[in-house]
Amino acid sequence: MKDTPLPYPALDLQQLKVFPLEERNSRTRIDEILINPSSPLPECSDELDQIVSRCADSIQRAREKNASVMLIYGAHLLRNGAGAILERLMAENWITHVATNGAGTIHDWEFSFLGKSSECVRSNVATGSFGTWDETGKNIHLALLSGGLSGLGYGQALGRFIMEDGCSFPSVDSVLESLKSDLDSPRTSALADLLKAYRRGSIPTQELNVSHPWKQASIIGQAYRHGVPLTVHPGIGYDIIANHPMFDGAVIGRAAEIDFRVFGQAVANLEEGVVLSIGSAIMGPQVFEKSLSCVNNLRLQTQKPIITN
């Protein structure tokens, strides 16, 4: 299947050479960093202790009012071993919505699949190997392709893939029949992208089994298990899954568009609620301000007051 010619010269990413993830010199191991939520609390200053106490009080009041408690995080929260802490917070219903960026999903998936993650940017960019790890780019795309058929966003699709150790796909004939019979279906674009992946040879089998031995350390997988919405807000070309022959911005964009709307629904329930932004100086504030504007726009159209407190 040939792609439509572009008006300007562009890289052919399908020619990228990718390498087995096991061969990478991964710098972080989940068994060395994962923090036990039941371990003794670290010492902190009186000032910090007061801030934590106020935060905890705010969260408790929000949950008593059934308002959203949103936790937006960057990849460093995961790389600092906080996955089990977030699982405890979700299991005990203290957090009602979790959001991360693309890097947060990549480290999460690699930890759950291999038990280790992270690489040296300086060394690997120079050798053309930075990010070109076959399993990472392939399996995240496969999770999103499968999730798209069910109308799932990025976070839910990847969480399901992790917790169910893989996914399944319809046959090519079934995809073609669905495209012919109902072009107006919400699944049409997902089916078309799946067909493209089939024709490129990117789908190895209709039943895909991928073991995740460390799924208990996966924030994304545990959010799916507990039924807590986890949304992903990636940038096209920001993340190493762009360094793969399967890279497909349409697949990522469709999943992220769903998650933006799910994120907005959590913002709509923030009256008297709480937003925690941890290690996300760009994605968190940027997505939050757009969502808050959307919510206020919709509320004002029905003569409701804007979100406060």
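Judged by distance alone, with hydrogens and angles left aside, the side-chain atoms of Arg88 form no donor-acceptor pair with the main-chain N or O of Pro37 at under 3.5 Å. Between the Thr132 side chain and the Ser129 main chain, a donor and an acceptor come within less than 3.5 Å of each other. Side-chain atoms of His97 never come within 3.5 Å of backbone atoms of Ile95 as a donor-acceptor pair (strictly under, hydrogens ignored). Remark: side-chain polar atoms of Ser146 are not paired, donor with acceptor, to backbone N or O of Ala143 under 3.5 angstrom. Put simply, the side chain of Glu207 never gets that close to the backbone of Ser168: no donor and acceptor are under 3.5 Å apart. Within the 3.5 Å criterion, the main-chain N or O of Asn36 finds a donor-acceptor partner in the side chain of Ser39. When atom types are taken as modelled, the side chain of Ser68 and the backbone of Ala266 share a donor-acceptor pair closer than 3.5 angstrom. Not one N or O on the side chain of Asp239 forms a donor-acceptor pair closer than 3.5 Å with the backbone of Ile241. In this structure, the side chain of Asn101 does not engage the main chain of Met283 through any donor-acceptor pair within 3.5 Å. Not a single donor-acceptor pair under 3.5 Å links the side chain of Asp165 to the backbone N or O of Asn209.
With a 4.5 Å cut-off on side-chain heavy atoms, Met70 and Val267 count as touching. Residues Phe260 and Ser291 are in side-chain contact: their nearest non-hydrogen atoms beyond the backbone lie under 4.5 Å apart. Using a 4.5 Å heavy-atom cutoff, the side chains of Tyr224 and Leu158 are not in contact. Proximity of Ser280 to Tyr73: side-chain heavy atoms (C-beta onward) are nowhere separated by under 4.5 Å.
Between Glu119 and Gly131 the shortest heavy-atom distance is OE2-N, 3.2 Å.
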Give the C-alpha distance, both sets of side-chain angles, the deciding distance and a yes or no for side-chain contact (heavy atoms from CB on, under 4.5 Å) between Phe263 and Gln265. CA-CA 5 Å; Phe263 184 96; Gln265 188 58 49; over 6 Å; no
Let's go through Val228 and Gln222 carefully: what are the C-alpha distance in whole Å and the side-chain angles of both, what is the deciding distance for side-chain contact (heavy atoms from CB on, under 4.5 Å) to 0.1 Å, and is it a yes or a no? CA-CA 8 Å; Val228 175; Gln222 294 305 316; over 6 Å; no
Is there a side chain to side chain donor-acceptor pair (under 3.5 Å) between Asn297 and Gln301? Walk through the geometry before answering. CA-CA 6 Å; Asn297 180 297; Gln301 290 185 57; 2.7 Å; yes
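Taking the six-membered ring where the residue is Trp, Phe113 and Trp109 present parallel rings, their angle staying beneath 30° rather than reaching 60°. Between Trp133 and Phe19, the ring planes are tilted. Angles from 30° to 60° get that label.
Of the options Glu22, Glu32, Glu110, a salt bridge (charged side-chain N to carboxylate O under 4.0 Å, His left out) to Lys116 is made by Glu22 and by none of the others.
Going from atom NE2 of His212 over to atom CG of Asp108 covers 9.5 Å, rounded to the nearest 0.5 Å.
Ion pairing of Lys65 with Glu271 is absent here, as no side-chain N (NZ or NE/NH1/NH2) approaches a carboxylate O to less than 4.0 Å.
Ring centroids of Tyr154 and His233 are separated by 6.0 Å or more, keeping the two rings apart.
For Glu43, the CD atom sits in a loose shell: 12 or fewer heavy atoms of surrounding residues, nucleotides or ligands are nearer than 6.0 Å.
At a cut-off of 3.5 Å, with distance as the only test, a side-chain donor of Asp134 or His244 sits close to an acceptor on the other residue.
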